[in-house]
Amino acid sequence: MIRKQAVVYGKEEIGPGIYSMWLKCPQIARTAKPGQFVQIAVNDSYEPFLSRPLSIADTTNNTIRIIYRVIGKGTEILKAKKDGETLLILGPLGKAITPVKNKNIVLCAGGLGIAPLLYLAKNLKKNNNLILFYGARNESELILLKEFKPLCDKIFLSTDDGSKGRKGFVTDILFSAHDILANAYCLYIAGPSEMIKKISNYKFRLSHLKLFGFLEERMGCGCGICFGCAVKKRGNGYLRVCTDGPVFDLSKVAL
Amino acid sequence: MIRKQAVVYGKEEIGPGIYSMWLKCPQIARTAKPGQFVQIAVNDSYEPFLSRPLSIADTTNNTIRIIYRVIGKGTEILKAKKDGETLLILGPLGKAITPVKNKNIVLCAGGLGIAPLLYLAKNLKKNNNLILFYGARNESELILLKEFKPLCDKIFLSTDDGSKGRKGFVTDILFSAHDILANAYCLYIAGPSEMIKKISNYKFRLSHLKLFGFLEERMGCGCGICFGCAVKKRGNGYLRVCTDGPVFDLSKVAL
Amino acid sequence: MTKIKIKNLEFKNPLVLASGTFSFGDKFISVANQMGGIVTKGITLKPRMGNPSPRIYETASGILNSVGLENPGVDKFCTNILPELKSLKTNLIVNISGNSPQEFKALAQRLDDTEIDALEINISCPNIRDCNKMIGRDPKQTYKVVRAVRKQTKKIIITKLTANFIDPLITAQAANDAGTDAICLINTLYGIALDTKTGKPFLGGVTGGLSGPAIKPFALYCVWYVASRIKLPIIGCGGIVSAQDVKEYLLAGSKLVEIGSANLRNPYAGLEILKELNRLRG
Amino acid sequence: MTKIKIKNLEFKNPLVLASGTFSFGDKFISVANQMGGIVTKGITLKPRMGNPSPRIYETASGILNSVGLENPGVDKFCTNILPELKSLKTNLIVNISGNSPQEFKALAQRLDDTEIDALEINISCPNIRDCNKMIGRDPKQTYKVVRAVRKQTKKIIITKLTANFIDPLITAQAANDAGTDAICLINTLYGIALDTKTGKPFLGGVTGGLSGPAIKPFALYCVWYVASRIKLPIIGCGGIVSAQDVKEYLLAGSKLVEIGSANLRNPYAGLEILKELNRLRG
Ligand SMILES: Cc1cc2nc3c(=O)[nH]c(=O)nc-3n(C[C@H](O)[C@H](O)[C@H](O)COP(=O)(O)OP(=O)(O)OC[C@H]3O[C@@H](n4cnc5c(N)ncnc54)[C@H](O)[C@@H]3O)c2cc1C
Ligand SMILES: Cc1cc2nc3c(=O)[nH]c(=O)nc-3n(C[C@H](O)[C@H](O)[C@H](O)COP(=O)(O)OP(=O)(O)OC[C@H]3O[C@@H](n4cnc5c(N)ncnc54)[C@H](O)[C@@H]3O)c2cc1C
Ligand SMILES: Cc1cc2nc3c(=O)[nH]c(=O)nc-3n(C[C@H](O)[C@H](O)[C@H](O)COP(=O)(O)O)c2cc1C
Ligand SMILES: Cc1cc2nc3c(=O)[nH]c(=O)nc-3n(C[C@H](O)[C@H](O)[C@H](O)COP(=O)(O)O)c2cc1C
Ligand code: FES
Ligand code: FES
């Protein structure tokens with residue numbers, strides 16, 4: 001883990017209010033693994049005070065990619081950043097996902113949850129078969145489809161308004177795909193906490209199926225020193241999203 | 001007085017860390033008078049919290065000009081503003097200088113004090129004779145000279161390092177110009193508070209000479225509602241820089 | 001909107017402009033007129049010059065002020081300023097400050113037959129010489145002051161409390177027992193800034209009062225904490241800059257709110273917050 | 001730099017990392033090693049799970065936290081964590097929390113024959129159920145707790161005070177009388193945030209502690225105020241993010257400072273502030 005000034009480039013709006021940008025930071029890029037994230041200090045002043053956690057959505061040798069929706073102060077400032085400007089980033093943070101081989105793996109994304117799954121898919125692609133279930137509010141918010149096409153054997157889409165794919169929630173299409181799940185080794189889920197909770201609590205009647213969720217929680221430090229990012233363990237006590245996760249075996253946490 | 005979104009244009013660095021920019025804001029431009037200033041909310045967030053007072057250095061029909069030195073948070077943000085971006089400004093604020101006719105008027109500027117004197121000089125020029133005493137740290141900080149040339153009968157310069165004009169303080173050249181002062185109706189002084197104080201307390205032995213100082217004080221509101229910008233009256237009590245000034249007859253205040 | 005009342009005094013909306021941040025109500029009258037009320041700068045029995053400069057120091061998301069109750073005294077206020085305020089179309093609340101129950105009594109007496117709508121008893125100004133002599137830090141003194149004013153006037157009384165070094169619930173109870181009609185929570189926090197170049201305090205008044213968004217979570221806590229423990233209308237105050245802030249204060253249990261430092265940043269802040277509040281309420 | 005000492009304990013520089021903002025000293029060891037000291041997260045007699053999520057809420061130039069003293073309890077701390085800290089090249093200060101003098105006594109006893117350098121008695125954590133039961137708001141309780149620890153240990157004792165609803169000079173005096181070696185001023189302020197969508201408190205722990213640059217002018221005031229009235233080494237704490245801030249605290253009369261929230265924004269903050277401080281000192 002390291003904290004470095006990274007240079008912004010290749011910023012583009014890839015959906016309504018959704019931006020992708022690359023951050024040049026070789027030390028972080030080279031050690032980053034799927035499942036990990038960075039903390040970004042959006043400015044030099046102290047308002048906003050905290051750094052912002054954003055998933056690593058892809059890497060090259062020298063750069064990492066982040067994809068974010070503009071929702072508040074921090075992401076507003078990120079949106080205003082121009083190519084060539086710098087940002088202080090801390091990373092890579094969180095646990096890396098352990099790679100597997102020769103498996104059928106299902107990815108399930110809701111909204112911006114698609115971002116961390118991109119990096120994971122690129123990593124798993126070579127040695128596994130991937131199937132993606134992906135839902136968003138409407139067609140224009142279904143981002144990164146072109147990039148996922150070559151990575152997945154099948155892609156199932158849904159939109160809340162039916163403008164593309166099945167009308168409804170991604171959980172609807174996921175839960176109706178019993179055969180696919182029956183053949184799958186595991187399921188990676190990223191998206192709104194309500195969605196992850198719903199899937200986590202769903203009775204799949206598939207005892208072999210491992211569920212992994214990308215959890216988000218309000219963070220202080222992002223690096224294990226403030227105990228701010230608690231997620232309840234099954235049983236007693238808490239785990240830390242930033243160091244025990246952000247990707248969790250859902251059988252271990254109580255959502 | 002009005003508070004409006006103004007569009008920035010024509011920003012340029014006219015000295016080291018010294019910027020000039022124009023703000024398009026017809027309602028303020030049309031009523032602005034020499035001696036007045038504006039309060040600028042440098043951003044939409046609340047850090048920094050207060051608006052920044054800056055003198056009106058010139059106007060056209062639709063725009064006002066401000067000239068500032070980058071010294072802290074607020075002016076850093078102003079410096080980063082690009083043409084076409086907007087700023088919320090409140091103005092015009094403070095008392096207008098009462099115009100006079102057919103007089104010999106001496107202007108004395110230290111550093112950025114030259115900014116408000118520009119607007120005043122443009123206004124007084126038609127009906128009066130102007131003489132400028134102007135000192136700065138070094139040649140590169142002697143800004144606006146080209147604009148003052150056609151406005152003044154004489155210009156006397158000084159720099160702290162002697163890189164242009166007389167080496168020393170502007171007060172040195174001013175105090176040695178007894179003949180000019182003897183023929184002058186009044187003296188307008190703008191610059192560091194120490195400089196204004198020195199001139200205010202100097203024994204000119206010229207009882208007719210009126211001294212007017214452009215005073216600066218930490219401000220809250222800039223518009224008379226917080227009582228934050230006190231300057232001591234000669235005698236008892238305080239005056240408000242923002243509504244009783246910022247230009248004061250120095251015989252009325254105790255510096 | 002349902003009617004907001006303190007006793008029989010009606011407020012057309014929950015927004016009041018806070019003492020010391022809107023002159024005496026004599027400036028920006030078109031703004032003041034649309035508010036639920038306006039509180040004057042603190043008035044004292046005798047004229048006060050206030051503190052030397054600088055009086056304002058900016059802090060992270062806040063300001064320190066050491067204005068020090070500059071005002072012309074109650075007599076000049078009544079003769080010179082009050083007549084100008086006759087045409088105000090909003091509740092005029094006069095903020096009064098003193099060092100003893102007797103002084104407060106005299107202030108209330110002097111203002112009793114004027115046409116003002118309410119008195120705000122300021123026992124919480126941090127800009128006094130000995131911080132430990134702040135009346136609002138002593139429940140007994142608080143009781144005595146409020147009692148003295150209550151005996152003197154039938155006007156609405158708001159007692160403005162401090163949360164500096166004292167549990168405001170205790171002083172709220174004292175003010176309640178003494179007959180206040182409402183309380184205002186909170187006045188500025190203690191604060192200081194030191195100039196690292198000279199090693200001296202930056203403000204002319206040495207210490208100052210801290211206000212602005214920086215103090216909001218604490219001020220909101222005070223309102224929430226007191227509101228759930230006492231039945232007394234509360235006017236929430238501290239760091240309000242947006243309609244969201246106002247909603248939070250109302251949720252916390254305040255009936256009205258006072259907007260202070262926001263006026264310094266923008267004298268039209270009250271109006272803008274009102275517009276946004278109406279928009280949010282649909 | 002002149003030597004900085006509390007009793008016989010030397011600090012290589014005035015910077016200490018504050019409790020709850022740097023784990024137990026087991027992370028970023030290269031940063032910790034260059035500091036004057038590091039204070040562990042608060043330790044209690046029994047393990048504590050801490051509060052439900054969310055535990056962090058950002059405010060204007062500050063943060064509210066309701067972590068709620070999550071820790072494994074003193075036994076596990078001693079057996080599992082402390083051995084890892086053996087190689088730390090800085091003063092290790094253990095922050096202890098309890099509900100009674102007996103609990104504090106037991107904590108001090110358990111830690112007495114470990115190799116830690118000092119104890120920080122935390123009687124000022126706002127994340128407890130009934131805010132009025134905070135020991136640090138009661139000078140008598142404060143005395144009893146410090147006395148109980150003092151009798152138990154010869155280690156350096158720092159008492160961490162609150163400025164919530166209490167004059168910290170009074171509790172500083174009580175701690176002094178009971179034999180504390182130093183005081184730390186201040187812990188977080190009370191705070192709350194309400195979710196205007198649900199109408200409910202935002203934090204899992206309902207209320208939280210306010211920290212960060214927002215509270216600096218108030219915290220600095222507390223240090224300045226107490227330092228001029230009592231002879232006792234003071235560790236200033238609250239909103240420090242820069243070397244300028246450190247200088248202000250030292251001017252105000254503190255001997256050391258603790259850096260808290262700044263570590264959350266940037267775990268290398270302590271190092272960066274130290275570098276800048278050395279640069280300013282030339
Ligand atoms: C491990 C992790 C990975 C994430 N990856 C992504 C990503 O790849 N793309 C993306 O768009 N978003 C991601 N998020 C959410 C992202 O952190 C927030 O959208 C962002 O911080 C909002 O900041 P803001 O200042 O614009 O919003 P504000 O609402 O102004 O933020 C206020 C505070 O709340 C926090 N916050 C707001 N929303 C969230 C949230 N959903 N989760 C955690 N904290 C939040 C902010 O960090 C900040 O401290 C991730 C969150 C976590 C915890
Ligand atoms: C009536 C008036 C007219 C002015 N005209 C000009 C001008 O034309 N050009 C110019 O460069 N400067 C002018 N100044 C000074 C200018 O306001 C400050 O340089 C500016 O506010 C600095 O802001 P900052 O955020 O960059 O600095 P910071 O140091 O970060 O500011 C911190 C606080 O101090 C205040 N402050 C800092 N310096 C001064 C100062 N000298 N006087 C008053 N308040 C100050 C700021 O407004 C702010 O509230 C004027 C000041 C006044 C009162
Ligand atoms: C410049 C200034 C002057 C003030 N003067 C007074 C005063 O005279 N009487 C009073 O009761 N409160 C006074 N206050 C306190 C405010 O009324 C208010 O309680 C406080 O600022 C907190 O609210 P805010 O954070 O919205 O500013 C003053 C505040 C400021 C900033
Ligand atoms: C997330 C967090 C956890 C904290 N936990 C503790 C704690 O366990 N014990 C304690 O005495 N103080 C605790 N504090 C208070 C800090 O040590 C410090 O006193 C306070 O945050 C003010 O300093 P700051 O403004 O630099 O953060 C905590 C603060 C934060 C932000
Ligand atoms: S965010 Fe600080 S421990 Fe996870
Ligand atoms: S700055 Fe507020 S009255 Fe002058």
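In what follows, every chain begins at residue 1, and chains take the letters A, B, ... in the order their sequences are listed. Values below: every heavy atom of this structure, side chains too, minus hydrogens, waters and symmetry copies.
For chain C, the nearby part of D/V206 is the side chain; its heavy atoms alone come within less than 4.5 Å. Only the side chain of D/Y225 has a heavy atom closer than 4.5 Å to any heavy atom of chain C. For chain D, the nearby part of C/L210 is the side chain; its heavy atoms alone come within less than 4.5 Å.
Across D/A219, D/G212, D/P168, D/A193, the residue that shares the most heavy-atom pairs under 4.5 angstrom with chain C is D/P168. Note on D/G208, D/G62, D/C131: by heavy-atom pairs under 4.5 Å with chain C, the leading option is D/C131. Between chain C and the options D/T162, D/I215, D/N132, heavy-atom pairs under 4.5 Å are most frequent for D/N132. For the options C/Y249, C/F165, C/F218, heavy-atom pairs under 4.5 Å to chain D are most numerous at C/F165.
Applying the 6.0 Å contact sphere to NZ of D/K247 captures more than 12 heavy atoms from other residues, nucleotides or ligands.
A 4.5 Å side-chain heavy-atom check between C/C222 and D/Y190 finds every atom pair outside the cut-off.
When all heavy atoms of D/L194 and C/E248 are compared, the pair lying nearest together is N-OE2, 2.8 Å.
Atom-to-atom distance recorded for D/T196:OG1 and C/L250:CG is 11.0 Å, nearest 0.5 angstrom.
Checked against D/Y221 for a side-chain contact (heavy atoms from CB on, under 4.5 Å), the options C/L64, C/L189, C/I192, C/N164 give a single hit: C/I192.
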- Task: Apply side chain to side chain contact (heavy atoms under 4.5 Å, CB included) to the pair D/W224 and C/T207, showing each step before the final yes or no.
- Result: CA-CA 10 Å; D/W224 174 85; C/T207 64; 3.5 Å; yes
